[in-house]
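All residue numbers refer to positions in the sequence shown, counting from 1. Below, each value reflects all heavy atoms present in this structure, side chains not excepted, and no hydrogens, waters or symmetry copies.
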Amino acid sequence: ADVDSAKKHLLDQLVEAERQALHWEKKIQLEKETQAALHTSDDAKQIKGMEKEIDQMKKRLDSLRRDQERIMVDIEKAIHQR
């Protein structure tokens with residue numbers, strides 16, 4: 001009877017361990033699917049587009065600053081020539 005009881009107890013523990021393993025496998029799969037969805041979402045595409053626009057704006061700002069500096073130098077030269 002003790003052997004049967006121990007055997008039943010071990011079998012119950014094995015079933016519970018398998019159930020928990022299956023539960024964790026489902027959670028891991030769901031997490032993988034969630035991460036994959038996030039990387040291909042429209043939001044990610046919009047963020048990339050915004051980053052590209054910001055980079056272009058920074059380049060344009062640098063260009064405008066160079067133009068401004070050149071114009072200031074030209075104005076100073078014109079004032080000194082008078």
Side-chain angles (χ1 to χ4, degrees):
D2 285 340
V3 173
D4 287 338
S5 175
K7 190 175 180 182
K8 170 117 175 68
H9 180 70
L10 288 174
L11 186 58
D12 289 345
Q13 285 182 329
L14 178 61
V15 169
E16 177 62 20
E18 288 175 345
R19 188 189 66 74
Q20 287 184 8
L22 184 60
H23 175 74
W24 281 105
E25 286 174 9
K26 286 179 182 178
K27 278 189 164 190
I28 290 168
Q29 183 61 33
L30 181 60
E31 177 64 21
K32 286 179 182 178
E33 291 171 4
T34 301
Q35 290 298 324
L38 287 175
H39 289 299
T40 59
S41 72
D42 288 337
D43 292 340
K45 291 175 187 173
Q46 285 181 336
I47 290 170
K48 285 290 184 189
M50 288 179 186
E51 288 172 346
K52 187 175 179 179
E53 285 181 43
I54 290 169
D55 188 51
Q56 291 170 346
M57 289 178 191
K58 286 179 179 178
K59 289 177 182 175
R60 179 69 177 136
L61 178 61
D62 289 341
S63 174
L64 291 171
R65 285 184 176 154
R66 284 192 302 273
D67 291 346
Q68 181 184 25
E69 184 62 31
R70 185 180 40 79
I71 291 169
M72 292 297 291
V73 168
D74 290 347
I75 291 171
E76 288 174 2
K77 285 180 185 176
I79 290 173
H80 289 301
Q81 288 177 354
R82 286 186 168 185

* To do: Under the side-chain contact (heavy atoms from CB on, under 4.5 Å) rule, what do Lys8 and Asp12 come out as? Steps first, then yes or no, please.
  => CA-CA 6 Å; Lys8 170 117 175 68; Asp12 289 345; 3.3 Å; yes
Do [X] and [Y] come within less than 4.5 Å of each other through their side chains, counting heavy atoms only?
X     : Y     : result
Glu69 : Val73 : yes
Ile71 : Gln68 : no
Asp55 : Glu51 : no

Approximate separation, where rounding is to 0.5 Å, of [X] [atom1] and [Y] [atom2]:
X     : Y     : atom1 : atom2 : result
Ile47 : Ile54 : CD1   : CD1   : 10.5 Å
Gln13 : Glu16 : CD    : CD    : 9.5 Å
Met50 : Met57 : CE    : CE    : 10.0 Å
His23 : Gln20 : NE2   : CD    : 8.5 Å

Between Gln56 and Arg60, is the side-chain contact (heavy atoms from CB on, under 4.5 Å) condition met? List the steps.
CA-CA 6 Å; Gln56 291 170 346; Arg60 179 69 177 136; over 6 Å; no
After noting the C-alpha distance and the side-chain angles of Leu61 and Arg65, does the key distance pass the side-chain contact (heavy atoms from CB on, under 4.5 Å) rule? CA-CA 6 Å; Leu61 178 61; Arg65 285 184 176 154; 3.7 Å; yes
Do NZ/NE/NH1/NH2 and the carboxylate oxygens of Arg70 and Asp67 come within less than 4.0 Å?
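Yes, Arg70 and Asp67 are salt-bridged.
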Donor-acceptor contacts under 3.5 Å from residues 28-35 side chains, at least two apart:
unit_1: Gln29; atom_1: NE2; unit_2: Glu33; atom_2: OE2; d: 3.2
unit_1: Glu31; atom_1: OE2; unit_2: Gln35; atom_2: NE2; d: 2.9
unit_1: Thr34; atom_1: OG1; unit_2: Leu30; atom_2: O; d: 2.8

